[in-house]
Amino acid sequence: MARRNPMRDEIAIVGVGSTKFGRDAGGVSPASLACEAAINAIRDAGVEKSDIDGVVGVLEPGAPRANQMAAALNLPNVTHHSGPMPVAVFGLVDAMTAIFSGQCDTVLLYYAFTRLPWNSRSAANDPFRRYMMMGGGTAKPPVPEAIDPAAAYTAWASRYIHEYGATREDFGRVALNMRANAARNPKAVMQFPLTMEDYLSARMIRDPLCMLDMDIPVDGADAFILTTTEKAKALTPNPVVIHTATAGIVGKNDEDQLPNLSRHGQHVVIEALKERSDIWIDDVDVFFPYDGFTIITLSWIENMGYCPPGGAGRFMQEHWDDASGSVLINGRVPMNPHGGSLSEGASRGTGHLREAVTQLRGDAGERQVADAKTALIGCGGFFFNSQGAILKRL
Amino acid sequence: MSEPVDDEALVKRFPWVQITHDSKHLFRGWLDERLLINRCDNCSLFHHPPKPICPECWSSNLTPTEVSGRGVIHLAMFLRQGAPAPDVDYLKGPHPVVTVDLEEQEGLRFSSTVVGCPVEDVKIGLEVELTWIERYGSPFPVFRPRTEGAS
């Protein structure tokens with residue numbers, strides 16, 4: 001540990017709430033999903049309306065703003081409200097820093113995600129979704145050659161394959177791991193099994209990546225209640241504390257100008273996590289690499305230090321557990337036991353965060369990691385949304 | 001070189017692009033089939049996409065400077081589906097999208113498609129040069145395999 005971290009273990013997650021996840025929630029608004037998740041989280045935490053003085057609502061397309069949520073829930077005295085961008089850890093960092101600094105004591109942090117009109121036919125047919133755009137919206141349609149954040153992962157996957165000779169099976173193992181884990185998570189939308197043959201024959205979308213390399217859009221919401229660890233001890237017998245959490249970017253983060261795969265946002269995140277913490281991969285009981293695209297997962301595995309650059313495919317093969325059909329690092333540590341964005345649903349990291357809390361509370365049922373004490377989350381990708389967090393059981 | 005068009009006319013020529021005061025020079029260049037990349041008058045470094053200042057030395061004295069358009073493919077993907085454009089038909093085959101390392105400066109890259117060769121020939125490492133197609137009635141910069149001896 002070489003950097004100061006005064007917030008270490010000082011902020012706790014005391015409540016978790018979700019909706020069911022669906023490929024079509026059917027005639028409900030993102031605000032409705034957000035309210036359902038928020039109420040579940042508030043009840044789970046055992047706090048009152050008047051206790052919640054911070055509201056952090058991540059700016060997912062169509063999601064209600066923090067002030068709108070405060071109005072929907074009629075929260076009477078809110079002293080901090082904000083709207084960080086996706087993905088999940090931006091919201092976590094905002095909430096924890098607001099509490100630690102004294103701007104508020106107890107935060108409702110929520111995320112509502114909605115299939116956008118181009119994600120599915122049923123979403124396109126919903127006239128109430130037509131205004132929804134990623135990133136706050138732009139009047140201009142994309143062009144085929146746009147190296148936008150999504151396409152850029154495929155572009156850099158081509159470089160990864162070029163530099164390391166990675167095979168399609170290397171990418172496929174990420175998808176298979178998530179699908180096998182999803183079968184043990186009733187919330188996951190993808191409940192049917194996936195074989196390597198299925199993966200290899202899946203429709204190419206942007207070659208070299210196919211449909212199964214990309215996360216699955218869903219309607220749903222997750223919410224969390226955070227407060228000081230001191231207050232948390234009075235609220236719950238099993239608070240989960242944030243050991244550290246961070247974002248990370250490099251200067252050259254325009255998608256096609258990223259210098260190389262050896263130093264981007266993930267590397268900044270990892271350096272910050274290591275320098276603020278005594279906990280690292282040998283101490284981790286459950287690992288949550290982001291999987292919006294399979295290439296991101298391969299990169300987190302490598303960059304975290306589980307294996308050398310280019311070695312993630314082989315690493316997964318070496319740590320493959322045939323009985324469960326998934327990765328168990330050293331026969332023990334699973335990777336996204338909830339099924340990740342690829343198979344639980346594209347919650348842009350909130351599923352990873354929720355499952356980390358669930359595992360550390362010991363509430364994960366048949367997918368519970370025995371005596372899970374620490375969780376490592378690598379959230380987001382390479383460019384503008386790389387993030388990470390280490391959570392632990394108090 | 002044609003007369004420079006005013007801002008209003010420029011926006012009308014590229015209704016499909018979000019043009020800003022920082023990127024207007026790039027698109028004015030397209031109308032003359034010239035690829036103008038921001039270059040810093042102070043430290044001489046290029047940058048792309050266009051920014052209001054030089055990210056290296058923070059000088060705001062920038063000159064959109066014509067580049068050769070020659071380079072080497074650094075990233076390559078092949079869209080089986082994607083955003084529409086009048087010159088792109090995904091049903092006819094994958095649409096290549098490449099990011100090219102321009103020869104003017106290491107790591108200075110420009111992304112577009114590749115024309116003039118079978119899609120199978122589009123690979124990382126291929127030497128390419130700039131050419132222009134028409135899209136929505138305005139010039140659009142694309143790449144083609146480098147022809148020996150051509151400038």
Side-chain angles (χ1 to χ4, degrees), chain A residues 117-119 133-166 171 202-211 213-214 249-264 293 295 382-383, chain B residues 11 14-20 37 46-51 55-56 73-90 93-102 105-115 119-120 122-126 133 135-136 140-143:
Chain A
W118 60 81
N119 286 145
M133 304 286 278
M134 197 70 192
T138 161
K140 305 291 183 179
V143 294
E145 295 80 12
I147 307 287
D148 62 23
Y153 289 107
T154 309
W156 281 101
S158 77
R159 192 75 203 175
Y160 179 83
I161 292 164
H162 175 79
E163 291 186 8
Y164 298 114
F171 291 79
R203 190 159 55 92
M204 275 288 169
I205 304 293
R206 304 180 187 102
D207 190 336
L209 298 188
C210 70
M211 200 171 67
D213 289 300
M214 305 171 177
I249 53 172
V250 294
K252 284 188 193 295
N253 61 48
D254 292 298
E255 285 81 358
D256 56 356
Q257 309 294 316
L258 197 71
N260 53 55
L261 289 169
S262 305
R263 189 166 166 80
H264 49 65
F293 292 93
I295 179 67
F382 304 164
F383 312 114
Chain B
V11 167
F14 294 102
W16 49 283
V17 181
Q18 190 93 49
I19 303 178
T20 69
I37 302 289
F46 289 92
H47 72 259
H48 185 76
K51 301 190 190 307
E56 198 58 38
I73 294 179
H74 192 78
L75 311 174
M77 63 180 156
F78 304 89
L79 309 190
R80 308 297 176 95
Q81 63 185 70
D87 52 290
V88 177
D89 183 354
Y90 297 104
H95 179 64
V97 176
V98 299
T99 295
V100 171
D101 261 323
L102 299 175
Q105 182 177 300
E106 191 184 347
L108 178 68
R109 304 202 190 108
F110 191 83
S111 298
S112 187
T113 188
V114 180
V115 300
V119 73
E120 301 78 44
V122 176
K123 288 189 171 73
I124 289 174
L126 181 72
I133 63 170
R135 178 172 289 176
Y136 298 114
F140 180 72
V142 299
F143 294 99

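Letters A, B, ... mirror the listed sequences (proteins, then strands); counts begin at 1.
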Inset, instruction - Under 4.5 Å heavy-atom distance to chain A, tell me which part of B:Thr99 shows up: side chain, backbone, both or neither. - result: side chain

Inset, instruction - Using only heavy-atom distances, determine whether the side chains of A:Gln257 and B:His47 contain a donor-acceptor pair under 3.5 Å. - result: no

Legend entry - Flag for B:Gln81-A:Arg206: side-chain donor and acceptor within less than 3.5 Å: no

Atom group of [X] that falls short of 4.5 Å from chain B, counting heavy atoms:
{"X": "A:Ile205", "result": "both"}
{"X": "A:Ala151", "result": "both"}
{"X": "A:Asp256", "result": "both"}
{"X": "A:Pro259", "result": "backbone"}

Using a 4.5 angstrom heavy-atom cutoff, name the option from [options] with the most pairs to chain A.
{"options": "B:Gly107, B:Gly82, B:Ala76, B:Ala85", "result": "B:Ala76"}
{"options": "B:Val97, B:Ile124, B:Asp101, B:Val142", "result": "B:Ile124"}
{"options": "B:His95, B:Glu106, B:Arg135", "result": "B:Arg135"}

Inset, instruction - Measure the shortest side-chain to side-chain distance between B:His74 and B:Val100 over non-hydrogen atoms and say whether it is less than 4.5 angstrom. - result: no

Legend entry - B:Lys123 side chain near B:Ile73 side chain, heavy-atom distance below 4.5 Å: no

Inset, instruction - Specify whether B:Phe143 and B:Phe110 have parallel, tilted or perpendicular ring planes, treating 30° as the upper limit for parallel and 60° as the lower limit for perpendicular. - result: perpendicular

Inset, instruction - Would you please name every residue forming a ring pair (Phe, Tyr, Trp, His ring centres under 6.0 Å) with B:Tyr90, sequence neighbours left out? - result: none

